[in-house]
Participant: 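Structure in structure tokens, see below.
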Amino acid sequence: MSVSERPTIVLFTRDLRVRDHPALAAAARVGGPVVPLFVLDRAVRERSARNRLSYLGDALRDLREELRRLGGDLVVRSGDTVDETMRVAAATGAARVHLSFDVSAFAARRAERLREAAADRRMEVAEFPGVTVVPPGEAVPTGGDHYKVFTPYWRAWESREWRAPERAPKRLELPSGLDAGSVPKRLADSGTGPLSPRRQSGGETEARRRMAAWLDADCADYEHTHDDLAADATSRLSADLRFGCLSPLELALAAREHPACGPFVRQLAWRDFHHQVCAAFPDLAHRDYRERDIAWRSDDSGFAAWCEGRTGVPVVDAGMRQLLDEGFMHNRARLITAAFLTKRLRVHWKRGGDHFHAVLSDGDIADNYGNWQWVAGTGNDTRPNRSFNLLRQSRRFDPDGAYIRRHVPELAEAAGTEVHAPWRAEQPPTGYPSPLLDEDG
DNA sequence: GCAAGATTGTC
DNA sequence: ACAATCTTG
């Protein structure tokens, strides 16, 4: 076999698409056979949220169809990602492995192990962009390894030239005699957290439909409606981005075409911002980014009430119940519920972040824990003592209480002003807990 | 040492 | 729109 005929393995991780996939596009350009491979890692399978495993199953089935349309297939294995990749490499005589660069501690360790194992077999490992719009490490401040403050990052992010998006390969050739394996049917039987009844389904095909509808209609109103809890007028593309069913670059380029979508593009920069923080500080999910002397409390019963959406503070409970019901929470509600747990109950951000991570379909290490630390005051906020007035937030972002009523049925009949603070009503609603607050607001 | 004023950063 | 922090007289 000549060198050019030796296959390239494209190791898919959370970049489950064929369009604008630099690692796949580069593999197709090499010219020989391509082995699109996904390894269902045992550790990932046991630790992931059921809601994400459910989305993952959808995404893998869709990716397989897309690859088959191109003449290839998705090769699926289970076990340890590096071991299984090397097994496929041995069976096919692959010369190189392509994968997308990713930032979590888990991803960094996986890439490191992959490089070591590949070196033993004289194979190349090449990492490609695609998980973020601007790759971590490409926008770097003078005199530092990463941006610690969002606004300077935003300026650098916005003004730099982005790479050109890649087309899906025209045609893929799979090495012959390779067992493709199957996508497990009941992926969400393992994993942690609930399987939410209204969780989002996924995959590139569906994600692209959602993206087109968003850009076509609602993105232009984003600036004025994104904080309206009841309007539910955010993109809902977070899980699609989390699994890479959408290219964040393609989305950002398309959104940038509409002047009114500026504020939405800025949110995509926040996503990149947290990724470049995580790349430089991989312990983001475990340790204070900035060490603060905060007197955390254990408050197990308060934490349990928060998880269940039974704190007695309607806007908090509405958010927490939306999370359980949908595997998703409105961004504004994420800020409110996280502020309640860390600032009011004084429960450590790590416990809140872990709960979110066990439920969210879009649960992403960099975004989730970066935002939790931001709210808790240990992260990248320049104003770490920021405080949320919960009642003001509730009245401002859910003025007629429609969000609360939608998610907290005990309050469905509550009067206009009482829906935000039912403990003030002459007759507080039955079956709804009294608030875990030491003072109003 | 202090207050007015400028700057900074914003989820 | 606004508050925390930094600069200046």
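Here is how names work: the chains are called A, B, and so on, in the same order as the sequence lines, proteins then strands, and each is numbered from 1. Every value quoted in this text rests on a predicted model; they were computed, and no experiment measured them.
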Participant: Taking atom types as modelled, is there a side-chain donor on A:E291 or A:T378 under 3.5 Å from an acceptor on the other?
Facilitator: no
Participant: For A:D227 and C:dA1, what is the distance between atoms CG and C1' respectively, to the nearest whole Å?
Facilitator: 14 Å
Participant: Assign A:V149 to base, sugar-phosphate, or nothing according to its heavy-atom contacts below 4.0 angstrom with the strands shown.
Facilitator: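 Sugar-phosphate, no base atom in range.
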Participant: Just how far, in rounded Å, is P of B:dG9 from CH2 of A:W154?
Facilitator: 16 Å
Participant: Between B:dT8 and A:T382, is there an OP1 or OP2 to side-chain N/O distance shorter than 4.0 Å?
Facilitator: no
Participant: Expressed as a whole number of angstroms, how long is the span from A:D381:CG to B:dG9:C1'?
Facilitator: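 In whole Å, B:dG9 C1' and A:D381 CG are 9 Å from each other.
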Participant: Can you tell me how far P of B:dT10 sits from CG of A:N371, to the nearest Å?
Facilitator: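 My rounded result for the distance is 12 Å.
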Participant: Measure from CZ on A:R383 to P on B:dT7 and round the result to the nearest Å.
Facilitator: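 Rounded to the whole Å, the gap is 20 Å.
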Participant: For the pair made of CZ in A:R386 and C1' in C:dA1, what is the distance, rounded to whole Å?
Facilitator: 13 Å
Participant: Test your reading of the model: is there a side-chain donor-acceptor pair from A:R242 to the backbone of A:G363, 3.5 Å cut-off?
Facilitator: yes
Participant: Tell me the interatomic distance from A:N389, atom CG, to C:dA3, atom C1', rounded to whole angstroms.
Facilitator: 15 Å
Participant: Within this structure, what is the NZ-to-P distance between A:K148 and B:dT8, rounded to whole angstrom?
Facilitator: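 Roughly 18 Å, once rounded to whole Å.
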Participant: Give a yes-or-no answer on whether the side chains of A:E66 and A:T205 include a donor-acceptor pair shorter than 3.5 Å.
Facilitator: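 A donor-acceptor contact under 3.5 Å links the two side chains.
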Participant: Which of these passes side-chain hydrogen bond (donor to acceptor under 3.5 Å, both in side chains) with A:E250: A:R208, A:R17, A:R19?
Facilitator: A:R208
